[in-house]
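Lettering follows sequence order; numbering is per chain, from 1.
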Amino acid sequence: MTSPVWDYAPAPESSDVVSLRDTYGLYIGGRFVEPASGSYFKTINPATEEVLAAVPEASTEDVDAGVVAAQEGLERWTSAGAPARGKYLFRIARIMQERSRELAVLETMNGGKPIRESRDVDIPLAAAHFFYYAGWADKLEYAFAARRVEPVGVCAQIIPWNFPLLMLAWKIAPALAAGNTVVLKPAETTPLTALLFAEICEQAALPAGVVNIVTGGPETGTALVAHPRVDKVAFTGSTEVGKGIQRALAGTGTRLTLELGGKAANIVFEDASLDQAIEGVVNGIFFNQGHVCCAGSRLLVQEPVAERLLSKLKRRLETLRLGDPLDKNTDIGAINSRAQLERIQNLVGIGVEEGAELYQVDCELPARGFWFPPTVFTGVSQSHRIAREEIFGPVLSVMSFRTESEAVARANNTPYGLSAGVWTEKGSRILWMADRLRAGVVWANTFNRFDPASPFGGYKESGFGREGGRHGLEPYVRLS
Amino acid sequence: MTASTNDVEVVHRIGGSVDEVGAEARAAMLASRSLKAEAKLWGLDLAVRCCDLTTLEGADSPASVRQLASKAMRPAPLDHSIPHVAALCIYPRLVPAAVEALKGSAVAVASVATAFPSGQSALELRVAEIERAHAEGASEIDSVISRGALLAGDDTGVYEEVVAAKKACGDAHLKVILETGELGSYDRVRRASLIAMAAGADFIKTSTGKIAPAATLPVALVMAEAIRDFADFSGRRVGLKVAGGIRSAKDALRYLVLVHETLGTEWLTPERFRIGASSLLNDLLMQMDKQRSKTYSDSDRYTVA
């Protein structure tokens, strides 16, 4: 009772709310079906390495069945009419809210992210996307004034493992609102909330074939992208895979949008509110263990405040709580997979070899599962690999700058261009910077903030096409 | 880094500003911490120890202050595991009664002073009020700043008044009330905090409790961050007192979490953290019983004063 150190006792969210099946099916044509391939893979909890369920590995034949079902679904979805399509989307959004706890717990169990994030960010935002696009379903002619609006057709959508349900929502909600049907492939390591979403589609009595979920690895994705009856491909993931998809689709006439990697600069000026900037830096790189394509992985700080900001940052890192992702007080959860952990470890090793100075929080890592402590590199040069390559982990590279122009030059000097952050109390400087930063999103005095009404997407090797807002409808409509 | 701190210039050298959206988001995040089992019990016990049990009514009398003093020393008469509160906070005229009633106990007598709550009287009267309260035995003085002067941009004036108050306190501890509900922005809360600390405040305090809004989590956060910056600059660790509208154990725990994660465990002591409240104490007691017995007791098991 007199302990001078206040250790918060464990406060785990109960996983009772989730009922897992031993084996899942593919969701095709409004039913869960066994894969023609007969092959399954195990999906685990990355925080414990415990097997959660067996999930089908969809073969070319299964993918074909998914696409055929989506094509059949197209007629049902068209004949339902726009007001009814909106009604179904509202219904899905409401069911997601009603089952939010179940979705949040499952997202955390399968992906390793802290329950605080899946509960407060992922699931509410995913539901908000459905609400937002539900509203557009019967108002498309107002989104595109004086144009005739038609759906594109069957959309193949491939999503990453960092925000499984949220990325599903970003993909499915606008596609359905615009009258398309979809075949979605969740990431290999995080298929479970997509399969729970399939149950929600059933519960919402969504017409058969409108949403189809095929699980699997890279081969399933390749088969889906290459399918001749797919009208549009939307991919979120690594730049390398994105380039492969673009190559495969060249000359086919299939529409494509890509949301790829990033190496965002988070730029702190000397007049910024430092304590809030610290929160933005922490949220920018340690949110979701840094598994965020728009993560603020490069901190550019103006020289007069560099030392002060860094000492404040280190002190703040000591208060981050790493551990059981289901604990309501956990700030940093598990790395999503062994492969990703190895990639992070490798790049951090390279950073040390290149001569950057490593700072890591001295925290105990759980014995099982995949973990990496919050890491900050100082003394980083623009030419270091850790300043150029996307690490996709809780690793921050810090550099200093002197003038606005130098900050812009450093920030833009990257193959990517997804996001950037500017921290200053001076409004005109925010606008000056935003005009010059080549990034799809520029956050001012905040970071990693999302809203369904706001478009999101990249420049350069961060991809093309926008998701969210009215802009997010464009890839899913044919205008004439 | 250390430097002379007896200078209003310190305020401008530490400087800094507050982003409203960011501060409120951080406070909301800290409020979502979940305290269970022994961690909760430890926090509730600490909250009792940090409590400035307060009565500031025109109707207060020596007899009613004696009643509250008894409660301050033994919040739960039948349970000796419950600690005493930090101080009894009262109007100056009742200091003799409080000193008498608390004689021999470790509960401090805290008197508001300086024309509480508005501060709108001549400086020499406000100083005399502190001197009188101190002479009659108050070991802690809760004084108010001139919000009008601060809002008019007279930082030096505010600074000099706090310096005068500190001098009048002698060996008593000075808590400087900023009345943040009248300051209008977090930037001004930060500036007022720095002025008070530079002028010698032992504690900075959110509110009188007579103005709404009183204590809020974002205000406490902004003040805690100013305390941290002042400690980095000067090496002196100033305390934080939150007061006004804190009625539930849950609220009290949220302030403790905020202090814990902003200032660290060194501030988790009545020497550096206080909660000014009246009805809070019974909820703390009730929640402690609940935590131990898993059932809620009837409210009549807790004394009214």
Trainee: Heavy-atom distance under 4.5 Å between the side chains of B:V259 and A:W6, does that happen here?
Mentor: no
Trainee: Would you say NZ of A:K426 has more than 12 non-hydrogen atoms from neighbouring residues, nucleotides or ligands within 6.0 angstrom?
Mentor: no
Trainee: Counting heavy atoms not belonging to B:R247, are there more than 12 under 6.0 Å from its CZ?
Mentor: no
Trainee: Counting only heavy atoms closer than 4.5 Å, note whether B:V257 contacts chain A via side chain, backbone, both or neither.
Mentor: both
Trainee: Could you tell me whether B:R228 and A:D275 make a salt bridge, using a distance below 4.0 angstrom between a side-chain N and a carboxylate O?
Mentor: yes
Trainee: For chain A, find which of B:G22, B:G16, B:A23 contributes the most heavy-atom pairs closer than 4.5 angstrom.
Mentor: B:A23
Trainee: Where is the tightest heavy-atom contact between B:A39 and A:A9, given as atom of each residue plus distance?
Mentor: CB-N, 3.3 Å
Trainee: For A:E404, I'd like to know if atom CD has over 12 heavy atoms of other residues, nucleotides or ligands within 6.0 Å.
Mentor: yes
Trainee: Any chance CD of A:E318 has more than 12 other-residue heavy atoms, nucleotides or ligands included, within less than 6.0 Å?
Mentor: yes
Trainee: Hey, what do you get for CG (B:D229) to NZ (A:K312), rounding to the nearest 0.5 Å?
Mentor: 3.5 Å
Trainee: Looking only at heavy atoms, what is the nearest atom pair of B:S34 and A:K328, with distance?
Mentor: CB-CB, 4.0 Å
Trainee: Give the member of B:T269, B:L256, B:L46 that has the highest number of heavy-atom pairs under 4.5 Å with chain A.
Mentor: B:L256
Trainee: Check the orientation of A:Y8 and B:H260. Use parallel for under 30°, tilted for 30 to 60°, and perpendicular for over 60°.
Mentor: perpendicular
Trainee: Tell me, out of B:A25, B:G43, B:G15, who's got the most heavy-atom pairs with chain A below 4.5 Å.
Mentor: B:G43
Trainee: Tell me, yes or no, whether the heavy-atom count around A:D435 atom CG, taken from other residues, nucleotides or ligands under 6.0 Å, exceeds 12.
Mentor: yes
Trainee: At what distance, to the nearest 0.5 angstrom, does CG of B:L221 lie from CD of A:E279?
Mentor: 8.0 Å
Trainee: Would you say CD of A:E357 has more than 12 non-hydrogen atoms from neighbouring residues, nucleotides or ligands within 6.0 angstrom?
Mentor: no
Trainee: Considering only heavy atoms from C-beta outward, does the side chain of B:R26 approach that of A:V282 to under 4.5 Å?
Mentor: no
Trainee: Indicate the atoms forming the closest heavy-atom contact of A:R449 with B:V21, along with that distance.
Mentor: NH1-CG1, 4.2 Å
Trainee: Are the charged groups of B:K36 and A:D327 less than 4.0 angstrom apart, N to O?
Mentor: no
Trainee: Using 0.5 Å steps for rounding, measure from the CH2 atom of A:W423 to the CG atom of B:D19.
Mentor: 6.5 Å
Trainee: Out of curiosity, A:R116 CZ to B:R33 CZ, how far, rounded to the nearest 0.5 Å?
Mentor: 6.0 Å
Trainee: Any idea which of A:S273, A:S311, A:A11, A:G280 has the most non-hydrogen atom pairs under 4.5 angstrom with chain B?
Mentor: A:S273
Trainee: To the closest 0.5 Å, what do you measure between CZ (A:R316) and CD (B:E261)?
Mentor: 7.0 Å
Trainee: At a heavy-atom separation under 4.5 Å, does A:A277 approach chain B through its side chain, its backbone, both, or neither?
Mentor: neither
Trainee: Check B:S32 against A:N329 and note the closest heavy-atom contact, atom names and distance.
Mentor: O-OD1, 4.5 Å
Trainee: Does the side chain of A:N283 reach to within under 4.5 Å of the side chain of B:M29, using non-hydrogen atoms?
Mentor: no
